[in-house]
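Working notes, beginning with the structure itself.
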4 protein chains.
Amino acid sequence: MQARADSVRNRRLLLRAATEAFAECGVDVSMHTIAQRAGVAKGTVFRHFPTKDDLLAAIMMQLLDRLREAADRFLRADDAGGALKDFMAHGIGLLAADRAFCDVIGRPSLQHADVREAIDRLCDTVEDLTGRAREQGAVRGDITGTDIVLLLGGIHQTAQPLLDREPRAWERFLEIAFDGLRARDRATLPHPPPARLRMADPSGASAPTGK
Amino acid sequence: MQARADSVRNRRLLLRAATEAFAECGVDVSMHTIAQRAGVAKGTVFRHFPTKDDLLAAIMMQLLDRLREAADRFLRADDAGGALKDFMAHGIGLLAADRAFCDVIGRPSLQHADVREAIDRLCDTVEDLTGRAREQGAVRGDITGTDIVLLLGGIHQTAQPLLDREPRAWERFLEIAFDGLRARDRATLPHPPPARLRMADPSGASAPTGK
Amino acid sequence: MQARADSVRNRRLLLRAATEAFAECGVDVSMHTIAQRAGVAKGTVFRHFPTKDDLLAAIMMQLLDRLREAADRFLRADDAGGALKDFMAHGIGLLAADRAFCDVIGRPSLQHADVREAIDRLCDTVEDLTGRAREQGAVRGDITGTDIVLLLGGIHQTAQPLLDREPRAWERFLEIAFDGLRARDRATLPHPPPARLRMADPSGASAPTGK
Amino acid sequence: MQARADSVRNRRLLLRAATEAFAECGVDVSMHTIAQRAGVAKGTVFRHFPTKDDLLAAIMMQLLDRLREAADRFLRADDAGGALKDFMAHGIGLLAADRAFCDVIGRPSLQHADVREAIDRLCDTVEDLTGRAREQGAVRGDITGTDIVLLLGGIHQTAQPLLDREPRAWERFLEIAFDGLRARDRATLPHPPPARLRMADPSGASAPTGK
DNA sequence: AATGAATGAGAATTCATTCAT
DNA sequence: TATGAATGAATTCTCATTCAT
């Protein structure tokens, strides 16, 4: 149980390389490229992640756990509204580094039980964060944690075309969105709060491969 | 010129088939599938669109032009604020039908001069629409047409994970966003209005293919 | 419908090359090798035979049909016993050219409906041939066509280790076997006549892959 | 020498596991599977058997030696004809348990000097057995031990397609074959007795790997 | 001596694109 | 001009074998 030193190091190298590769090139980077970028042989990638989707899942989990940790940290702040907004800023920053995030939505990797659980955990923690903001009257009464999680991705996507030239453009859209979230003398939102995220359905019809 | 008539017809069939195929299956549908769905041979696809990216570009242009036409129509309404919101709803609806939209961001197809022009045209028209809303005090003073165009995609993406089960969930996020856009006793937005959309840069670093 | 000239030629080249390659090297020859030997590109193999098993099936069918044609021809002879033996000799000769025959037993290619039908057809025709020999008292009363078909392969396998140095050694074993088949004052054979050939069962247990 | 004890034990475990694995799954089982089934690490397999072919050879030798031991035992019986037949039944039973037997014919593993010697030893012993039967007039005068060894494999192969559903079908074909072997008022067999088994030639043409 | 991580050649298969008919 | 056959680079994944611990 010592020989693992190399293995652990390689796993770390692989995750880093894959994160970067997916972020830069999208989900279509080849496993070969990822191996190269990690400085290991192809076979090593597959030893650590038996399929490409496993690798994608591992990376998604990394991201999701990082987001949840952040949410956890912001839970301690007194000003719940400010904390929520700060969390969103932080989260969008994480996403901004990852071009793959968009491609990955609706992918089989999201079917991984582990990923699903990580999403659930994230939504739960963010719900706590959001609940406090709601109670303090900082956001509308019918905003949920899932709304916030979805907005993270959405705001990131909104600013993405500008990412190269104006890397902080998302701040503008976060401001707009957060302004829309604020409690006010407004009617209820037109569509009910989103259900638990269950991502794409594996069974045919809704997301055909159509090859 | 009988041949020309056939050719025109084929082009139309191809565009329709490709639009549907990309929408349903994402950008990874094979040219073969598209040819089949259009009822023509593979060679014919390549006669009309020398590369797959050309085809994608053509379809993006279609979408962009359709959006612009819609914006044009809404230009005639009296209530500029309502018209802007209605336009957004209409635009997001168009996007929602298109699974490829996300995949396509940052693709070389967006480098096509034609697509760039179509984007510019769209932004111009939406800027007119937005300008009127701004003047009527319906939205903040520093909101531009480009903001709106970006939000179209962003709101769509926000609701995308729910698309299968709650196809109209975007209405909720449009409401939130539009609420954030509204003129009010608020400070200026934190980031300057976005520049003209220039999408991803073809030269290396920012959007490598990384194969 | 003219462009097929090349295609037809290629299909023929492929079948020939594949037959030889499988015969010489066994079922593990790569599709690449087969393509090379046929003088076509790898992609062409897959255009004609979507999977390796399809190719194997096609080749098995060739062999089975050739066997059946032979059986058909021998059906016309007057001396039914001699005809049966001549057919066996002819069939074993066909098999002797094919090293793959053994490997292929129990393979998924034999699950192909077409192959199954070809086997059935062969057994039917050979049953006719055998029936006549039975009636003429040339072979035991409880010998069936399926016995004969099985013996074809078995006799071939018996002599196979000698194939390189004594290519006609199978004649010796055919003589022995046929002698054992002859009608005589003997008790019934110990095991009931074999059922229809249904080859290996696809469902796990009996032929696990065990990777 | 504690280590040596472990080593011997591992070798035994490996041989057992490999025998079973090859028998069940054919020669394509991975070394990994074999290691697992033996409860050792992959490296250990290679320490004992430098290549897969060495392992296969070791297993073939086991089988051959087991067959020879059986032949030896039957040598003691008085009724030489019955003993020969009983030996064949016993031998075919051993083969029937082994799905790999067919795959292995013509493999480089059979080139191993050790395997060749084991085959020779087997043939010698069976020749003794056969000689006695010949002398007692129980089988034709020109039947050799090598004939019998070849028939072992051949009869097994004949019944193999039925193995799943009728595991004792080989009894039928043994009866037929043995009937053909019996001494009688018949002419000499058409082909001279087979030479020593020299299996496939390693040098090119006759058994190319053809990759 | 045993372990199991790393290696890298190679397999089947896909697909955009080219080109002969 | 339309067709669809041919091409061959690229992809994911497997596995025998090597080697550091």
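Just so it is clear: chains get the letters A, B, ... in the order the sequence lines come, proteins before strands, and each one is counted from 1.
- The nearest whole Å value for the distance from the CZ atom in A:R9 to the C1' atom in F:dT21 is 14 Å.
- In terms of position on DNA chain E, the residue among B:F49 and D:N10 whose nearest nucleotide sits closer to the 5' end is D:N10.
- The CG-C1' distance, from A:D28 to E:dC15, rounds to 13 Å in whole Å.
- With rounding to the nearest 0.5 Å, the separation of OG in C:S30 from NZ in C:K42 is 8.5 Å.
- Along DNA chain E, the nucleotide nearest A:R11 and the nucleotide nearest C:F46 are compared for position; the residue whose nucleotide lies closer to the 5' end is A:R11.
- No hydrogens or angles were tested; on distance alone, nothing pairs the side chain of B:K42 with the base of F:dT3 as donor and acceptor under 3.5 Å.
- Listed nucleotides: F:dT12, F:dC13, F:dA2. Nearest to the side chain of A:S30: F:dT12.
- Rounded to a whole Å, the CD atom of B:Q36 is 11 Å from the P atom of F:dG4.
- With a 4.5 Å cut-off on side-chain heavy atoms, A:V115 and A:L56 do not count as touching.
- Here the side chains of B:M31 and B:F49 are not in contact, with every heavy-atom distance at 4.5 Å or above.
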Go ahead and write out DNA chain E as dot-bracket, 5' to 3': ( ) for pairs within the strand, [ ] for ones crossing earlier pairs, | when the partner sits on another strand, dots for unpaired; Watson-Crick or G-U wobble, both distances under 3.5 Å.
.||||||||||||||||||||

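- Position along DNA chain F of the nearest nucleotide to A:P50 versus B:T44 favours B:T44 as the more 5'-ward residue.
- What separates CG of B:D53 from P of E:dC15 is a distance of 16 Å, to the nearest Å.
- Each of F:dT1, E:dA6, E:dT3 was ranked by its minimum atom distance to the side chain of B:R47; first place goes to F:dT1.
- Of all nucleotides listed (F:dT17, E:dT13, F:dA6), F:dT17 comes nearest to the side chain of D:T51.
- In this structure a side-chain-to-backbone donor-acceptor pair under 3.5 Å is present from B:T19 to B:L15.
- Separating the CE atom of A:M31 from the P atom of E:dT13 is a distance of 20 Å, rounded to the nearest angstrom.
- Atom NE2 of D:H32 and atom C1' of E:dA6 are 15 Å apart (whole Å).
- Comparing atom distances between the A:V40 side chain and each of F:dT3, E:dT7, F:dG8 picks out E:dT7 as nearest.
- In this structure, the side chains of A:I59 and A:L63 stay at 4.5 Å or more apart for every pair of heavy atoms.
- The closest donor-acceptor contact from the side chain of C:K52 to the backbone of C:V27 lies under 3.5 Å.
- Remark: the C:T51 side chain and the C:D54 side chain contain an N/O donor-acceptor pair separated by less than 3.5 Å.
- The base of E:dT17 is not paired with the side chain of B:K52 by any donor and acceptor separated by under 3.5 Å.
- Minimum atom distance to the side chain of D:H48 is reached by E:dA2, of the listed E:dA2, E:dA6, F:dA6.
- Computed from coordinates, the A:D54 CG to F:dT12 P distance equals 13 Å when rounded to whole Å.
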